[in-house]
Protein chains: 2
Amino acid sequence: MKISKTEENYLKVIFSILEKGKPSASTNAISKKMQTSAASVTDMVKRLAKKKLAIHESHKGVKLTKRGGQIATMLLRKHRLWEVFLVDKLDFLWDEVHEMAEELEHIQSKEMIDRLDSFLGNPKFDPHGDPIPDAEGNFATRQQTPLNEFKVGEKGTVVGVRESSTPFLQYLDQLDLGLGSKVEILEKFEYDNSAKILLNKSKEIVITGKVCLNLFLQK
Amino acid sequence: MKISKTEENYLKVIFSILEKGKPSASTNAISKKMQTSAASVTDMVKRLAKKKLAIHESHKGVKLTKRGGQIATMLLRKHRLWEVFLVDKLDFLWDEVHEMAEELEHIQSKEMIDRLDSFLGNPKFDPHGDPIPDAEGNFATRQQTPLNEFKVGEKGTVVGVRESSTPFLQYLDQLDLGLGSKVEILEKFEYDNSAKILLNKSKEIVITGKVCLNLFLQK
DNA sequence: TTTTATTTTTAGGCTAATCTAAAAATTTAT
DNA sequence: ATAAATTTTTAGATTAGCCTAAAAATAAAA
């Protein structure tokens with residue numbers, strides 16, 4: 001059975017909602033992420049259910065079947081491997097690759113993606129620190145904590161970002177605060193959740209609460 | 001103006017027909033190559049004409065506008081560069097890459113393809129010996145002659161194939177007669193256009209008229 | 001607990017790309 | 001030059017994916 005690019009995009013969005021711990025993805029949540037009307041979502045969800053990729057109970061949101069989840073996972077694998085390719089081999093910056101990977105992730109061949117994986121040296125994380133599923137769909141796990149949960153005096157290394165929008169990533173580049181940066185918390189300001197940090201043992205900077213919330217560090 | 005994948009495929013097919021020296025591409029010729037009905041072709045050709053990508057006079061076939069030709073050329077560029085990537089970097093065989101390249105050629109970013117070009121070392125020919133247009137759309141030319149036009153005693157190097165179907169390429173692999181092979185014509189048999197050749201200065205083999213017709217050599 | 005607000009679904013329509021069958025135009029052959 | 005064959009176009013239908021507007025179901029508030 002053939003799965004269209006559009007269907008794949010819905011599976012990805014549903015997967016990303018379920019991944020956040022929700023028991024099911026609501027029509028509205030999906031329509032917001034997909035930038036389509038709620039009516040279109042209902043349409044598509046029924047089609048996915050008919051293809052045994054999703055489970056849909058009227059007015060109760062949608063879940064993915066095992067197969068639906070596998071497809072979504074392979075899309076993440078492809079997306080993230082292509083991002084590594086674009087950054088490592090074609091020298092793009094981490095904030096430039098998302099759109100291209102959105103297209104590349106729909107290329108079919110499993111053999112190709114497995115070879116790409118090994119060509120890239122079987123990376124475990126993409127340029128934003130997100131884990132890359134292996135050929136069987138297993139994600140690497142890593143002990144990581146959002147910066148806002150760190151206490152004064154604690155140290156860590158930036159290993160991921162919660163959000164990978166271009167403006168946020170460019171802002172991090174400006175701060176010189178990319179993946180691999182060493183951070184020590186010097187002060188925390190409760191009234192706006194900002195913090196003063198020592199960056200790479202050399203530079204003291206103040207970062208906002210939003211940045212603290214969106215950076216993942218390994219202690 | 002957005003151009004769909006389907007429209008791109010039509011442009012490619014029309015371009016390939018015009019490339020063979022035809023003054024215009026007929027509805028029937030296009031429908032055969034596209035595996036669709038003639039009626040669908042008429043429909044699409046009108047759409048392409050409305051978008052100023054093609055010129056269509058009823059019952060007189062279709063030509064491409066400058067822009068239509070440019071788009072087709074960029075598709076060839078993308079297709080052939082991806083084929084080089086798949087063979088040189090991911091170690092696929094020359095007969096395995098066509099289908100994957102058919103998908104990859106529709107990825108948009110011009111910046112990406114230019115970087116891919118330089119990552120691959122600006123190759124001038126793809127794994128089948130077909131010329132790769134540069135970023136401005138210029139094709140490399142090369143003095144090449146089909147093997148059937150060679151005379152007894154003449155020598156040459158295989159630089160291209162007229163047809164790149166999987167069975168033909170696999171057959172060439174079996175004969176050990178890939179790109180770069182050195183060939184000397186020992187005998188020509190007129191009754192069926194077959195020939196006896198000395199391959200790589202070491203092995204004498206007989207090849208059929210069809211093979212002679214489909215191999216391009218540089219003298 | 002009834003009213004109000006929100007969410008979801010249904011109904012009906014649109015466009016791109018396809019099809020088959022039939023009509024019109026062109027080409028080939030007698 | 002007219003008939004026959006072929007090619008091309010038109011007409012009308014279909015499917016996927018989308019829309020808006022209205023109806024139905026559920027959740028929130030008074």
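Please read these numbers as outputs of a predicted model, since none were measured by experiment. Letters go in sequence order (proteins before strands), and every chain restarts at 1.
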A.B. asks: Expressed in angstrom and rounded to an integer, what is the separation of A:His56 atom NE2 from D:dA25 atom P?
C.D. replies: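 It is 14 Å, rounded to the nearest whole Å.
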
A.B. asks: Go nucleotide by nucleotide along DNA chain D from the 5' end; which of A:Thr36 and A:Ser58 gets its closest nucleotide reached first?
C.D. replies: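 Going by which nucleotide is closer to the 5' end, it is A:Thr36.
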
A.B. asks: Without decimals, in angstroms, what is the distance between A:Asn9 CG and D:dA16 P?
C.D. replies: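 After rounding, the gap between these two atoms is 17 Å.
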
A.B. asks: Between A:Glu8 (CD) and D:dG17 (P), how many Å, whole number?
C.D. replies: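 Nearest whole value for this atom pair: 11 Å.
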
A.B. asks: In whole Å, what is the span from the CG atom of B:Asp43 to the P atom of D:dT15?
C.D. replies: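 Whole-Å distance recorded here is 17 Å.
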
A.B. asks: Could you tell me the separation between the CG atom of B:Asn28 and the C1' atom of D:dT6, rounded to a whole number of Å?
C.D. replies: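 Distance check: B:Asn28 CG to D:dT6 C1' gives 8 Å.
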
A.B. asks: Select from B:Lys46 and A:Ser40 the residue whose nearest nucleotide in DNA chain D is closer to the 5' end of that strand.
C.D. replies: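 Final value for this comparison: B:Lys46.
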
A.B. asks: Looking at A:Lys219 and A:Glu149, does any basic side-chain N land under 4.0 Å from a carboxylate oxygen?
C.D. replies: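 No, this pair does not count.
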
A.B. asks: Considering every strand and a 4.0 Å limit on heavy-atom distances, what is the contact class for A:Thr27: base, sugar-phosphate, or nothing?
C.D. replies: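 Counting heavy atoms under 4.0 Å across all strands, the contact made by A:Thr27 is with sugar-phosphate only.
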
A.B. asks: Counting just side-chain N and O atoms, does A:Tyr10 come under 4.0 Å of either OP1 or OP2 of D:dC18?
C.D. replies: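 Yes, such a contact exists.
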
A.B. asks: Starting from the 5' end of DNA chain C, give me the residue, B:Arg47 or B:Ala39, whose nearest nucleotide shows up first.
C.D. replies: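 Of the two residues, B:Arg47 wins.
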
A.B. asks: Out of the candidates A:Asp130, A:Asp134, A:Asp117, only one should pair with A:Arg77 under the salt bridge (Lys or Arg N to Asp or Glu O under 4.0 Å) rule; please name it.
C.D. replies: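 Among A:Asp130, A:Asp134, A:Asp117, the one meeting salt bridge (Lys or Arg N to Asp or Glu O under 4.0 Å) with A:Arg77 is A:Asp117.
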
A.B. asks: State whether the number of non-hydrogen atoms from other residues, nucleotides or ligands found under 6.0 Å of A:Lys188 atom NZ is greater than 12.
C.D. replies: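 Yes, because the 6.0 Å sphere around NZ of A:Lys188 holds more than 12 heavy atoms from other groups.
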
A.B. asks: Quick check on salt bridge (Lys or Arg N to Asp or Glu O under 4.0 Å): which of A:Lys78, A:Lys12, A:Lys5 does A:Glu105 satisfy it with?
C.D. replies: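 Output: one option passes, namely A:Lys12.
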
A.B. asks: Using a heavy-atom cut-off of 4.0 Å across all strands, would you classify A:Ser37 as base, sugar-phosphate, or nothing?
C.D. replies: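 Touches a base.
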
A.B. asks: For a quick test of reading the model: is some side-chain N or O of B:Ser26 closer than 4.0 Å to OP1 or OP2 of D:dT7?
C.D. replies: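 False: B:Ser26 side-chain N/O out of range (4.0 Å or more) of D:dT7 OP1/OP2.
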
A.B. asks: Can you establish whether the number of heavy atoms outside B:Lys51 located under 6.0 Å from its atom NZ is more than 12?
C.D. replies: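 Check passes, neighbour count above 12.
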
A.B. asks: Between B:Asn28 and B:Ser26, does the side chain to side chain donor-acceptor pair (under 3.5 Å) criterion hold? Intermediate values first, please.
C.D. replies: CA-CA 5 Å; B:Asn28 245 6; B:Ser26 76; over 6 Å; no

A.B. asks: Describe, in one word, how the ring planes of B:Phe85 and B:Phe119 are oriented to each other, choosing from parallel (under 30°), tilted (30 to 60°) and perpendicular (over 60°).
C.D. replies: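 Tilted, since the angle between the ring planes falls between 30° and 60°.
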
A.B. asks: At a heavy-atom distance below 4.0 Å, which nucleotide of DNA chain C is the first touched by chain B, and which is the last?
C.D. replies: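 First and last nucleotides in contact are C:dA16 to C:dT26.
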
